[in-house]
Amino acid sequence: MGVKNAMTADFLRSAYGGESMAHMRYLIWGEAAEKDGFPNIGRLFKGIAYAEWIHAKNHFTVLKDQAGDYTVAAGAVFGHTNIVQNLQGALNGELHEIDQMYPVYFETAKYQQEKDAQRSFHYALEAEKIHAELFTQALELAKEEQDIGSETIYICPICGFTELGDHVDQCPICGAKKEVFKGF
Ligand code: FE2
Ligand code: FE2
Ligand code: FE2
């Protein structure tokens, strides 16, 4: 477990920074959604905040032998106005990760034969695709002043796989059994 090449290590640090900020931003937006009368969208934000924490932890763990202080540059979405804008901001962030960031980071890790980084980037990329779908659904409902459904939101604590309701026996991304999923 670890990383040898500087470029992949840089990308792991940047991804760690981006995931850390997404984690915090979703907690802030989740609290705001609850206050605005959208308790289920609030839970969605808090559940996905946990998934982003898993991604940050995975990247951090791959970097465990790279001791030292670093200045980390990472993309972050700002703005805190209303639920529709917050969901749009969340969706934009996820789409950036899906379309730009993680595919490039993954291919770099593959080129540099960094197996652990590849796994960490792959887990995040696949989970972000689901987050983008869930935020899109929530955004459409919020535009009509409606909340999402009350199903439990389950998160895989290994890879951040996210599902609304109990539909799978094992994680489709990493293979973990559903018994280890955390519910929100
Ligand atoms: Fe993530
Ligand atoms: Fe995400
Ligand atoms: Fe998983």
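Just so you know, residue 1 is the first one in the sequence shown, and it goes up from there.
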When you check the side-chain N and O atoms of Thr8 and Glu114, is any donor under 3.5 Å from an acceptor? no

**Prompt:** Taking 4.0 angstrom as the limit, do Glu133 and Lys129 come out as a salt bridge?
**Reply:** no

Does Arg25 pair with Glu52 as a salt bridge, N-O distance under 4.0 Å? no

For the student: nearest non-hydrogen atoms of [X] and [Y], plus distance:
X: Ile83; Y: Ala33; answer: CD1-CB, 3.7 Å
X: Ser120; Y: Val62; answer: CB-CG2, 4.1 Å
X: Ala132; Y: Leu95; answer: CB-CD2, 4.1 Å
X: Pro172; Y: Phe161; answer: CG-CE1, 3.4 Å
X: Leu63; Y: Ala9; answer: CD2-O, 3.8 Å
X: His131; Y: Gly160; answer: NE2-O, 3.8 Å

Do any N or O atoms from the side chain of [X] and from the backbone of [Y] form a donor-acceptor pair under 3.5 angstrom?
X: Asn86; Y: Trp29; answer: no
X: Ser14; Y: Asp10; answer: no
X: Asn58; Y: Ile158; answer: yes
X: Asp147; Y: Ile41; answer: yes
X: Thr108; Y: Val104; answer: yes

Is there side-chain contact between [X] and [Y], with heavy atoms separated by less than 4.5 Å?
X: Gln88; Y: Val84; answer: no
X: Ile130; Y: Glu163; answer: no
X: Met7; Y: Tyr111; answer: no
X: Phe45; Y: Phe135; answer: yes
X: Arg119; Y: Tyr123; answer: yes
X: Thr162; Y: Ile48; answer: yes
X: Glu19; Y: Glu97; answer: yes
X: Glu128; Y: Tyr102; answer: yes

If hydrophobic clusters are built from ILVMFWY residues whose side chains come within less than 4.5 Å, do [X] and [Y] share one?
X: Trp53; Y: Val180; answer: yes
X: Leu27; Y: Met21; answer: no
X: Met101; Y: Tyr70; answer: no
X: Ile28; Y: Val77; answer: yes
X: Phe60; Y: Ile54; answer: no

- [ ] Applying ring-ring contact (aromatic ring centres under 6.0 Å, His included) between Phe121 and each of Phe106, Tyr16, Tyr105, report the one that passes.
- [x]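 Testing each of Phe106, Tyr16, Tyr105 against Phe121, the sole residue satisfying ring-ring contact (aromatic ring centres under 6.0 Å, His included) is Tyr105.
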
Nearest 0.5 Å, what's the [atom1]-[atom2] distance between [X] and [Y]?
X: Leu87; Y: Leu44; atom1: CG; atom2: CG; answer: 7.5 Å
X: Leu91; Y: Leu134; atom1: CG; atom2: CG; answer: 11.0 Å
X: Asn82; Y: Asp36; atom1: CG; atom2: CG; answer: 8.0 Å
X: Asp99; Y: Glu94; atom1: CG; atom2: CD; answer: 11.0 Å
X: Cys171; Y: Ile155; atom1: SG; atom2: CD1; answer: 10.5 Å
X: Glu31; Y: Lys46; atom1: CD; atom2: NZ; answer: 6.5 Å

Does [atom1] in [X] sit with more than 12 non-hydrogen atoms of other residues, nucleotides or ligands closer than 6.0 Å?
X: Glu151; atom1: CD; value: yes
X: Glu179; atom1: CD; value: yes
X: Gln100; atom1: CD; value: no
X: Lys178; atom1: NZ; value: yes

Task: Geometric cation-pi criterion, Lys182 with Tyr50: 6.0 Å, 45° - done: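 That pair qualifies as a cation-pi contact.
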
